[in-house]
Amino acid sequence: ETILESQVAVHEQSQMMIIADADDASQSGFALTIDFTSKSMAAKLRVCFDINDSYPFSPMDVCMDTIIGHDCVDVDALGRQLMKNATPGFAYLSRACDVIVAY
């Protein structure tokens with residue numbers, strides 16, 4: 001089991017839906033799309049992580065799109081929080097997901 005597989009397995013057990021999408025990935029990696037839903041169901045955010053071969057030691061490209069509750073989620077502020085608190089290294093994907101869930 002790779003580091004990434006163990007991180008994904010932890011998040012599959014939470015209330016997030018995980019979709020692996022190889023078509024949107026860069027040539028040397030893959031894209032991982034996760035739908036985050038608030039506990040109140042007032043907001044839903046789709047986040048796509050572009051994971052390349054140098055994961056976890058280089059920054060991931062992250063695309064965020066609000067599906068439900070456009071007024072509830074400030075995507076720009078969340079992006080700044082991700083850059084500040086989820087830095088590359090061991091458990092990078094898990095830290096990024098934790099930052100999004102805590103927002």
Side-chain angles (χ1 to χ4, degrees):
E1 182 174 89
T2 67
I3 294 171
L4 183 59
E5 288 171 337
S6 64
Q7 291 177 37
V8 169
V10 168
H11 289 290
E12 282 179 332
Q13 296 171 6
S14 66
Q15 295 185 356
M16 294 179 265
M17 181 177 69
I18 298 178
I19 307 163
D21 188 2
D23 293 338
D24 293 336
S26 65
Q27 293 177 352
S28 62
F30 63 94
L32 180 67
T33 302
I34 305 176
D35 288 348
F36 295 87
T37 305
S38 66
K39 291 181 182 178
S40 66
M41 302 297 281
K44 187 172 187 176
L45 182 69
R46 179 163 289 160
V47 182
C48 180
F49 299 97
D50 188 12
I51 300 172
N52 60 34
D53 288 342
S54 59
Y55 175 87
F57 302 109
S58 67
M60 293 183 286
D61 288 330
V62 179
C63 300
M64 296 180 280
D65 185 31
T66 307
I67 299 171
I68 299 171
H70 297 280
D71 298 334
C72 300
V73 181
D74 184 348
V75 175
D76 293 330
L78 178 54
R80 288 189 296 274
Q81 286 293 323
L82 276 172
M83 288 179 14
K84 179 180 176 184
N85 297 310
T87 57
F90 181 74
Y92 183 21
L93 181 62
S94 291
R95 282 195 310 279
C97 289
D98 291 343
V99 167
I100 295 168
V101 168
Y103 189 82

Please collect all side chain to side chain donor-acceptor pair (under 3.5 Å) contacts where either partner lies in residues 76-85, sequence neighbours excluded, each pair once. Gln81-Asn85
Cys48 to Thr33 - nearest heavy-atom pair and separation: SG-OG1, 3.8 Å
To the nearest 0.5 angstrom, please state how far the OG atom of Ser38 sits from the OH atom of Tyr103. 13.0 Å
Give a yes or no on whether Met83 and Ile34 share a hydrophobic cluster (residues Ile, Leu, Val, Met, Phe, Trp, Tyr; joining criterion: side-chain heavy atoms under 4.5 Å apart). no
Could you tell me if the side chain of Pro88 sits less than 4.5 Å from the side chain of Ser58, heavy atoms only? no
Met64 meets the side-chain contact (heavy atoms from CB on, under 4.5 Å) criterion, sequence neighbours left out, with Leu45, Val47, Val62, Val75, Leu78, Leu82
Rounding to 0.5 Å, atoms CG (Asp61) and CZ (Phe49) come to a distance of 11.5 Å
Gap between atom CZ of Phe90 and atom CZ of Phe57 - 0.5 Å precision: 9.0 Å
Nearest heavy-atom approach of Leu93 to Tyr55 is N-OH, 3.0 Å
Residue list, side-chain contact (heavy atoms from CB on, under 4.5 Å) with Ile67, at least two apart or on another chain: Asp35, Lys44, Arg46
